[in-house]
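Residue numbering restarts at 1 for every chain, and letters A, B, ... go by the order of the sequence lines. Values reported hereafter were calculated over all heavy atoms of this structure, with side chains retained and with hydrogens, waters and symmetry mates removed.
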Amino acid sequence: VAAAVAAAMLSLDFLDDVRRMNKRQLYYQVLNFGMIVSSALMIWKGLMVVTGSESPIVVVLSGSMEPAFHRGDLLFLTNRIEDPIRVGEIVVFRIEGREIPIVHRVLKIHEKQNGDIKFLTKGDNNAVDDRGLYKQGQHWLEKKDVVGRARGFVPYIGIVTILMNDYPKFKYAVLFLLGLFVLVHRE
Amino acid sequence: LRKNVEDFTGPRERSDLGFVTFDITADILNRKNGLHIFWEKNTLIIFDWNVKQLFLYLSAEYSTKNNALNQVVLWDKIMLRGDNPRLSLKDMKSKYFFFDDGNGLKGNRNITLTLSWNVVPNAGILPLVTGSGHVSVPFPDTYETTKSY
């Protein structure tokens with residue numbers, strides 16, 4: 001991809017800057033780009049380790065937790081085993097067989113002596129609890145369904161992710177512009 | 001001060017169902033000693049510039065033979081910034097069915113009701129706070145025949 005972008009750029013007249021770059025400088029910029037991508041990945045993996053969650057940052061996709069969270073809000077999760085699940089907590093969970101995580105609040109828990117726990121959730125803005133959302137025949141959620149507990153949040157920022165999902169052209173445009181910027185920018 | 005009147009339990013689908021009516025008097029803004037709800041015993045006002053809303057919930061916590069720990073939310077309320085922070089609710093019925101996982105409510109002497117809340121900021125950390133003051137409710141040893149609820 002980087003090579004294709006570079007080739008496209010070389011053929012554009014107004015990018016004199018790039019024209020003046022010789023091969024070595026171009027490779028250098030490409031390596032820089034690679035480093036940025038790797039660092040980003042490392043930070044993400046690091047977050048996964050620190051929080052114990054497979055997805056430490058999620059975007060709220062529905063309005064079922066309004067007025068606390070709206071579509072596009074960003075949630076920061078932890079999933080540490082030492083933190084027990086208790087009522088009132090906001091959990092992000094996945095229903096078996098479904099990809100999309102759901103952000104709701106814990107309504108009931110029943111925990112056994114050995115730590116096995118089963119719990120029920122409900123969205124603040126929903127009239128009924130989530131039993132209808134669970135898998136056929138499933139009445140409770142378990143620890144294994146949990147992606148994490150919401151510990152902090154920032155509003156609005158996740159809208160970019162939603163836009164990128166709903167309008168793939170927008171995603172490609174953003175990626176293209178980012179790639180352009182990194183390759184052209186002199187470090 | 002919260003008073004509670006516990007009514008009766010009824011078995012449904014082989015699980016105990018409890019009915020509790022309660023009064024809630026809470027003064028969430030008040031920081032003086034000796035009153036019902038504190039904000040972590042320091043003098044911060046709860047509804048500061050970064051608080052969007054409080055999600056209040058009344059939960060019952062108890063132990064049964066089947067399960068070492070049970071927590072059931074009986075009632076909840078969203079309190080937005082600007083809403084009256086003083087709650088004075090009388091004779092409330094629980095919003096959600098108080099089902100046990102099994103038959104652990106019958107004769108259970110020690111059900112603790114606590115008021116807690118989730119502080120939802122405009123941006124930042126989401127803490128859960130438990131109000132000081134809780135009430136213990138015992139459930140009777142016998143079931144009642146079903147009455148209209």
Val106(A) and Val73(B): which non-hydrogen atoms are nearest, and at how many Å?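 Where Val106(A) meets Val73(B) most closely, the heavy atoms are O-CG2, 4.2 Å.
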Determine the minimum heavy-atom distance between Gly88(A) and Leu128(B), stating which atoms define it.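 Scanning both residues completely, I find the closest heavy atoms to be O-CD2, 3.7 Å.
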Who else is in the cluster with Val49(A) when I, L, V, M, F, W and Y are joined by side-chain contacts under 4.5 Å?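 Noted: Val49(A) shares its cluster with no other residue.
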Remaining members of Leu61(A)'s ILVMFWY cluster at a side-chain heavy-atom cut-off under 4.5 Å?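 Answer for Leu61(A): Trp44(A), Leu47(A), Met48(A), Ile57(A), Val59(A), Leu74(A), Phe76(A), Ile100(A), Val154(A), Ile157(A), Ile162(A).
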Who passes side chain to side chain donor-acceptor pair (under 3.5 Å) against Lys144(A), sequence neighbours left out?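 Checked Lys144(A) against side chain to side chain donor-acceptor pair (under 3.5 Å); matches are Glu96(A).
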Are [X] and [Y] connected in the hydrophobic side-chain network, where two residues link if heavy atoms are under 4.5 Å apart?
| X | Y | answer |
| --- | --- | --- |
| Phe55(B) | Ile85(A) | yes |
| Phe119(A) | Leu107(A) | yes |
| Val60(A) | Ile159(A) | no |
| Val58(A) | Val91(A) | no |
| Ile117(A) | Val146(A) | yes |

Chain B heavy atoms under 4.5 Å from Pro84(A): which part of the residue, side chain, backbone, both or neither?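 Neither part.
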With a 4.5 angstrom heavy-atom cut-off, could you sort out which part of Leu120(A) is near chain B: side chain, backbone, both or neither?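 Looking at Leu120(A), nothing touches chain B.
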Any chance CG of Leu41(A) has more than 12 other-residue heavy atoms, nucleotides or ligands included, within less than 6.0 Å?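 Check passes, neighbour count above 12.
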Considering only heavy atoms from C-beta outward, does the side chain of Val87(A) approach that of Val72(B) to under 4.5 Å?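 Not in contact.
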What part of Ile125(B) gets within 4.5 angstrom of chain A, counting heavy atoms only: side chain, backbone, both, or neither?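 Contact with chain A: backbone and side chain both.
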What are the sub-3.5 Å donor-acceptor pairs between chain A and chain B, distances to 0.1 Å?
residue: Ala68(A); atom: N; partner: Gln53(B); partner atom: OE1; Å: 3.3
residue: Ala68(A); atom: O; partner: Lys52(B); partner atom: NZ; Å: 2.7
residue: Val87(A); atom: N; partner: Gln71(B); partner atom: OE1; Å: 3.0
residue: Val87(A); atom: O; partner: Tyr57(B); partner atom: OH; Å: 3.3
residue: Arg105(A); atom: NH1; partner: Asn118(B); partner atom: OD1; Å: 2.8
residue: Leu107(A); atom: O; partner: Val73(B); partner atom: N; Å: 2.9
residue: Lys108(A); atom: NZ; partner: Phe99(B); partner atom: O; Å: 2.8
residue: Ile109(A); atom: N; partner: Gln71(B); partner atom: O; Å: 2.8
residue: Ile109(A); atom: O; partner: Gln71(B); partner atom: N; Å: 3.0
residue: His110(A); atom: ND1; partner: Asn70(B); partner atom: OD1; Å: 2.4
residue: Glu111(A); atom: N; partner: Leu69(B); partner atom: O; Å: 2.7
residue: Glu111(A); atom: O; partner: Ala68(B); partner atom: N; Å: 2.8
residue: Glu111(A); atom: O; partner: Leu69(B); partner atom: N; Å: 2.9
residue: Lys112(A); atom: NZ; partner: Asn66(B); partner atom: O; Å: 3.0
residue: Lys112(A); atom: NZ; partner: Asn67(B); partner atom: OD1; Å: 3.1
residue: Lys118(A); atom: NZ; partner: Asp101(B); partner atom: OD1; Å: 3.3
residue: Lys118(A); atom: NZ; partner: Asp101(B); partner atom: OD2; Å: 3.0
residue: Lys122(A); atom: NZ; partner: Tyr96(B); partner atom: OH; Å: 3.2
residue: Arg151(A); atom: O; partner: Leu126(B); partner atom: N; Å: 2.6
residue: Phe153(A); atom: N; partner: Gly124(B); partner atom: O; Å: 2.7
residue: Phe153(A); atom: O; partner: Gly124(B); partner atom: N; Å: 2.7

